[in-house]
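The next block holds one structure in the form of structure tokens; read it before the comments.
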Amino acid sequence: MKLYIETYGCQMNVADSEVVVSILAKSGYEVTNTHEDANLVLINTCSIRENAEQRVRGRLQLFASLKRKGHELLIGVIGCMAERLKEKLLEEEYLVDLVVGPDAYRDLPKLVATAESGQKAINVLLSREETYSDISPVRLDKNGVSAFVSIMRGCDNICAFCVVPFTRGRERSRDPKTIAIEIQKLIDSGYKEVTLLGQNVDKYDWNNGEMKFAQLLETVAQMSDTMRVRFATSYPQHMTDDVLHTMAKYENICKYIHLPVQSGSSKMLDAMKRGYTREWYLERISAIRSIVPEVSISSDFIAGFCSETEEDHKETMSLMKEVGFDYSYMFKYSERPNTYAHRKLTDDVSEEVKGRRLSEIIDVQTQLSLKSNQRDIGKVFEVLIEGVSKKSDENLFGRNTQNKVIVFPRKNYAIGDFVNVRVTSCTSATLKGELPE
Ligand code: 5AD
Ligand code: SF4
């Protein structure tokens, strides 16, 4: 039996798909890379913005049309959209056979069997405990170099705009012993980098204080000094200095922090229920820079949240420049059903204004990224090689500790090698380098 799985959304979903493949292997399903020869197609979905859901609807139409042409195929929707829409998905997309939420994957063999017998199957129960702790994910990435390891699930932050607390349920941490077992397996099979994943890693807490995030990070860093350790995502209100000191102490913990701010206006941050102000965020940035001087910092921004004025928008751009982010992910606000913003606030910034503000912040970031990359010209970085450059197979690419992509001549190097590269030129998106003699 063949399973084709497509993954949308965050890194957490990528990690979940690997858990799903492991669970379904036990019912005799093996992964195929094309949907044409699949018996079961699963789409691991994202609900974060309307357009993420739209994309999934498009894919569902394609798979449904195959079914209409006579392919014997089961179609399943899993992940955040399954959790958000529940039974409605089965009604709206009548060729979907199964709907499974993020905490119900252990039930997949039973649900698939039900679907195989011709009935619709659904499980969207959320759990307070499930972390898939004991399940050994089947790695779907092809390079064998870098892997995601989930350390917690869910989110208790309830930001006004965000659907995640509804789709992924309550926050819970995974047993550190099983995290260590999973990472040891990765080390033993030659992986060179792990990224510890959680919606809000700073709130990792095993057994009421027995182990917090800084200790977990230290434990993982000590497992192998040649394995790089990354983590995502940090939250400004909860990120503590002891995590920063741990980063500074271990060479193999990558000097990169993704710290979403969303807006530069304290008034907007309050409306968003983020729990910190512009000044608080700037203080965290200076703590990061003084404890981990060579760090690179990226962020997320939402343009056009409820009641955002031109003044608020300008504060966002001034914060961007003040911090000098190395990279940012930027989005137009998209109202999500049932969130606080949907129930209590008005989505009153026009599509046109949202679009204009978004392109203005993108312009600011492009300039900042270019400046940040130009500062790297002439420097030598250790790069972990991840693959062959898409533009030319004469070149390889990899990342430095700051998470910047560097392209350089292939010579005799291989994927998974560490190599020192001197940066010779750049664009706002990539660094180009050469191998020093
Ligand atoms: N509209 C637009 N962007 C959103 N994000 C989360 N919810 C929304 C929404 N409703 C963005 C935030 C978050 C990132 C993962 O997605 O910037 O940090
Ligand atoms: Fe999308 Fe958020 Fe769900 Fe990740 S947790 S898949 S970003 S909605």
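Just the heavy atoms: all of them, side chains too, but no hydrogens, waters or symmetry mates, feed the values below. Numbering of ligands and ligand atoms starts at 1, following listing order. A quick note: this is a predicted structure, and the numbers were derived from the prediction, not measured.
- Thr167 is not listed as a side-chain neighbour of Arg336, based on a closest heavy-atom distance of 4.5 Å or more.
- Sorted by first and then second residue, the ring pair (Phe, Tyr, Trp, His ring centres under 6.0 Å) pairs with a member in residues 128-158 read Tyr105-Tyr132; sequence neighbours excluded.
- Of the N or O atoms in Ser334, one or more lie within a sub-3.5 Å distance of an N or O in ligand 1.
- No side-chain heavy atom of Val163 sits less than 4.5 Å from a side-chain heavy atom of Glu53.
- Atoms of ligand 1 found under 4.0 Å from any heavy atom of Arg49, numbered from 1 in the order shown, are 1 (N), 2 (C), 3 (N), 4 (C), 5 (N), 11 (C), 16 (O).
- Between Phe161 and Phe331, the ring centre distance reaches or exceeds 6.0 Å.
- Proximity of Gln262 to ligand 1, defined as any heavy-atom pair under 4.0 Å, is confined to the side chain (atoms from C-beta onward).
- Side-chain contact between Asn157 and Lys203: present, with at least one pair of heavy atoms (C-beta onward) separated by less than 4.5 Å.
- Atom numbering of ligand 1 starts at 1 in the shown order; those under 4.0 Å from a heavy atom of Arg336 are 10 (N).
- Residue contact check: Ile48 has heavy atoms under 4.0 Å from atoms 5 (N), 6 (C), 7 (N), 8 (C), 9 (C), 10 (N), 16 (O) of ligand 1.
- At a 4.0 Å heavy-atom cut-off, ligand 1 touches Ile302 through the side chain alone.
- Considering backbone and side-chain atoms together, Phe161 places an N or O closer than 3.5 Å to an N or O of ligand 1.
- Residue pairs meeting the ring pair (Phe, Tyr, Trp, His ring centres under 6.0 Å) criterion with at least one partner in residues 201-231, sequence neighbours excluded, are Phe213-Phe231.
- In summary, the atoms of ligand 1 found under 4.0 Å from a heavy atom of Lys332, numbered by their order in the structure, are 1 (N), 2 (C).
- Remark: ligand 1 and Glu335 share no N or O pair separated by less than 3.5 Å (distance only, no angle test).
- The cationic group of Lys404 does not satisfy the cation-pi geometry with Phe381, failing either the under 6.0 Å distance to the six-membered ring centre or the 45° limit from the ring axis.
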